[in-house]
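Just below is one structure, and these are the notes that go with it.
Whatever order the structure lists ligands and atoms in, that order sets their numbers, starting from 1.
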Amino acid sequence: MTQTILATGGAGFIGSHVTLELLTAGYKVVVFDNLSNSSPKSIERVARLTNGAPELVVGDIRDQAALDTLFESHDIDAVINMAGVKAVGESVEKPQKYYDINVSGSINLYRAMLRHGVGKVVFSSSATVYGMPEKMPIDESYPIGPLNPYGISKRMNEQILEGMTAANPGWRALLLRYFNPVGAHGSGQIGEDPTGTPDNLFPFIAQVATGRQPGLKVFGNDYPTPDGTAIRDYIHVVDLARGHVRAIDFLLSDAAQDNVAEVINLGTGSGSSVLQVHRAWQDACGFEIPYDMAPRRAGDAPESCANPAKAKDLLGWEAEFDLPRMCADHWKWQSANPQGYEGS
Ligand code: WQD
């Protein structure tokens, strides 16, 4: 019997890649997305790329009635909760928005799961919960210390799910802490399509490469790193998506235990500096990408790099794609869709 996964936020950057990999793995997928930061075109293209069209239900996780209707009309076996807002800077300016959507919206979803007897959940968490890490690489036992409302909202979800999983029969959860998801599906058909000016490095460089931005500002070259620029654990979004499939496979298997919520890092275990990313991008697109040095960005850590051993041990998953492939695939998407989905 084909199992059905509810993917909230399943039309977004991470969500559309997760939806594609779930369909490819043979699951049925119901996407629940309010399209506030995504396009239905991502789902149309996922349908073209796979043999099974995902069902798109447009709705908001804060809408209790919409969730009840969805659970009443579908036999959901597990939920991947990726719905939410994710800009660190904006979360500092508008914390109420982040707590309303990422926390009370998620609580609404989890209570709907309780009402409808669905107890298996994968949560889209973030390495931001680690705050300003000092010792590398970071494993799941590393001290938690989110520094902004976005990271706090992710940690609150983890704590809510740890509590609900412990208290409710048949509940089990995997809390996936993403490091830096980048790149795009190798077809160039789906990818990151940020609204407004991107905050993150990869989509910003991509817009410099297509001429939408004049040049890259490198935020700080006085960090205690080999070339002075900050280091991150960039992970190809297809690797990340396949990690979600392994997480669902695990939760739906006898290998998983009820009443247990496991946190799992999803990263490659190797870090790249801003200047290394810049060079890899120039190699990928075949031309120079202008950049200037600028002061450090407030709140940035010198380094963030995962220890991905637990994901390998528990899920049998590890990242496959390297930095050149991340840049090549991101560039293939962006050059084929210079204005994103709506401009295509
Ligand atoms: C990476 C490096 C910047 C832009 C964030 C969120 C995290 C997750 C991933 C959701 C840093 C530098 C950036 C630019 C630059 N999102 N940079 N010039 O900050 O590590 O993580 O995105 O889960 O929660 O915090 O990613 O891509 O913004 O920055 O020099 O124009 O690139 O200073 O060193 P970050 P990033």
Any residue meeting side chain to side chain donor-acceptor pair (under 3.5 Å) with [X], in chain and number order, not counting sequence neighbours:
X	value
Asn221	none
Arg242	Glu21
Asn337	Arg45

Classify the side-chain pair Ser39/Glu342 by whether it contains a donor and acceptor separated by less than 3.5 Å.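 Result is yes, a qualifying pair exists.
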If we ignore angles and hydrogens, is there a donor and acceptor under 3.5 Å between the side chains of Tyr234 and Thr268? no
Residues in the immediate environment of ligand 1 (any heavy atom closer than 4.0 angstrom): Val88, Ser126, Thr128, Tyr150, Asn180, Asp199, Asn200, Leu201, Leu216, Lys217, Val218, Phe219, Ala230, Arg232, Tyr234, Val274, Arg297, Asp300
Under 4.0 Å between a side-chain nitrogen and a carboxylate oxygen: does that hold for Glu158 and Arg155?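 Looking at Arg155 together with Glu158, the answer is yes, because their closest N to O distance falls below 4.0 Å.
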